[in-house]
Amino acid sequence: MHKKGFIFDLDGVIVDTAKYHFLAWKKLASSLDIDFTEEENEQLKGVSRVRSLEKILSWGNKTISEDKFKKLMSDKNEDYLSYIAKMDESEILPDVPKILDYLIVNSQPIALGSASKNARIILERVDLKKKFDAIVDGNDVSKAKPDPEVFLIAAKLLDIEPKNCIVFEDSVAGVTAANTANMISIGIGSEDVLGHADYIFKDFTEISEEFLQKLINN
Ligand code: BG6
Ligand code: MG
């Protein structure tokens, strides 16, 4: 029996939380009189909380004190958590449970590889935590995506060599991280944004069992 390591990003891949990150950053940017576009938001996907705020400040040409920086980070997270608190299973993206169950039935190890420090709470809220053999999140890494650290730790926990791991990602930084880790990258989203992925699908409804079987057997 072939075993591959299947590693999933969380935000924008398993659950539709990317929109909540966007709303929370947009509110923060407006409070600083910084214009924040959807294109800029694309560059924040997969990027850590600290790095995201640094980028927004640099786009708006703002410098702030360390204390103010900490306050803004905590305000953003509080705002984000208020959205998360209302989440339930209906916010799992289409066909995600079906894909996870197919991999489980076929005895394939599954890990989460997320930049978010809120990953565990979210998986619990949508009742998917039990489907994962390993969870690596923003609390476990010292280097954020596009650094491959998060996926390399996940591979180690699954005890699968990086070249036998497959990563599902919706972000530019995450696909780069998977490629750098020498893993197979599967972009979930649009070709314009994720052109550097090995395979691209609009969402999981486009991924067939035959395709998964091919990944397992190759
Ligand atoms: C990533 C998101 O998964 O997690 C980013 O794509 C987010 O938008 C990052 O900034 C960190 O998340 P959190 O929950 O720790 O602020
Ligand atoms: Mg993501």
Side-chain angles (χ1 to χ4, degrees), residues 6-29 36-59 69-87 91-93 96 111-126 128-129 132 135-151 153-154 166-179 181 183 185-190 193-194 196-197 200-204:
F6 286 85
I7 306 175
F8 292 78
D9 174 46
L10 176 72
D11 295 311
V13 168
I14 290 181
V15 281
D16 196 9
T17 41
K19 64 183 181 206
Y20 299 143
H21 279 296
F22 176 65
L23 289 173
W25 284 130
K26 178 108 187 134
K27 183 171 158 190
L28 180 144
F36 177 56
T37 64
E38 296 247 12
E39 288 72 46
E40 284 164 338
N41 183 58
E42 209 54 59
Q43 296 178 50
L44 298 187
K45 286 186 181 172
V47 172
S48 71
R49 204 181 305 164
V50 176
R51 188 72 198 108
S52 298
L53 181 50
E54 286 170 356
K55 279 178 178 259
I56 292 172
L57 292 171
S58 95
W59 291 329
F69 191 97
K70 282 192 190 137
K71 170 87 171 65
L72 289 175
M73 290 254 295
S74 121
D75 288 353
K76 188 269 172 179
N77 200 46
E78 244 175 65
D79 199 21
Y80 179 66
L81 286 174
S82 72
Y83 292 115
I84 299 310
K86 293 179 216 127
M87 272 182 90
E91 285 182 75
I92 299 173
L93 286 162
V96 168
L112 189 87
S114 167
S116 172
K117 294 190 170 175
N118 298 304
R120 285 176 170 84
I121 320 173
I122 295 170
L123 281 185
E124 271 163 19
R125 282 223 66 87
V126 300
L128 284 180
K129 195 157 170 243
F132 290 83
I135 293 177
V136 187
D137 71 12
N139 300 294
D140 306 313
V141 296
S142 55
K143 285 169 261 163
K145 297 171 190 175
D147 190 281
E149 186 186 20
V150 61
F151 297 141
I153 297 175
I166 294 122
V167 173
F168 296 91
E169 258 293 347
D170 71 318
S171 72
V172 174
V175 167
T176 302
N179 291 345
M183 299 178 176
S185 55
I186 302 192
I188 301 293
S190 100
V193 180
L194 304 173
H196 55 320
I200 305 164
F201 296 96
K202 191 170 57 54
D203 58 36
F204 283 98

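In each ligand, atom 1 is the first atom listed, and ligand 1 is the first ligand listed. The model shown is predicted, which means the values in this text are computed figures rather than measured ones.
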State whether the shortest distance between N or O atoms of R49 and N or O atoms of ligand 1 falls below 3.5 angstrom.
-> yes

Nearest heavy atom to atom 8 (O) of ligand 1 wins, so pick from N139, I121, L44.
-> L44

What's the shortest distance from atom 3 (O) of ligand 1 to any protein heavy atom, and which residue and atom give it?
-> D11 OD2, 2.6 Å

Do ligand 1 and S116 have nitrogen or oxygen atoms that lie under 3.5 Å from each other?
-> yes

Under 2.8 Å from the Mg ion (ligand 2), which protein N, O or S atoms are there? Could you list them by chain and number?
-> D9 OD2, D11 O, D170 OD1

Any N/O pair K45/ligand 1 closer than 3.5 Å = no

State, without any angle test, whether D137 and S114 hold a side-chain donor-acceptor pair at a distance under 3.5 Å.
-> no

Begin from the C-alpha positions of T176 and K145 and carry the test side-chain contact (heavy atoms from CB on, under 4.5 Å) through to its verdict.
-> CA-CA 8 Å; T176 302; K145 297 171 190 175; over 6 Å; no

Which of parallel (below 30°), tilted (30 to 60°) and perpendicular (above 60°) describes F168 and F6?
-> parallel

Return a yes/no value for K117: is any of its N or O atoms, backbone included, closer than 3.5 angstrom to an N or O of ligand 1?
-> yes

Just need the protein heavy atom nearest to atom 7 (C) of ligand 1, so name the residue and atom and give the distance.
-> V47 O, 3.3 Å

Examine N118 against ligand 1 and note whether any of their N/O atoms are separated by less than 3.5 Å.
-> yes

Is any side-chain N of the basic residue among K143 and E149 closer than 4.0 Å to the acidic one's carboxylate O?
-> no

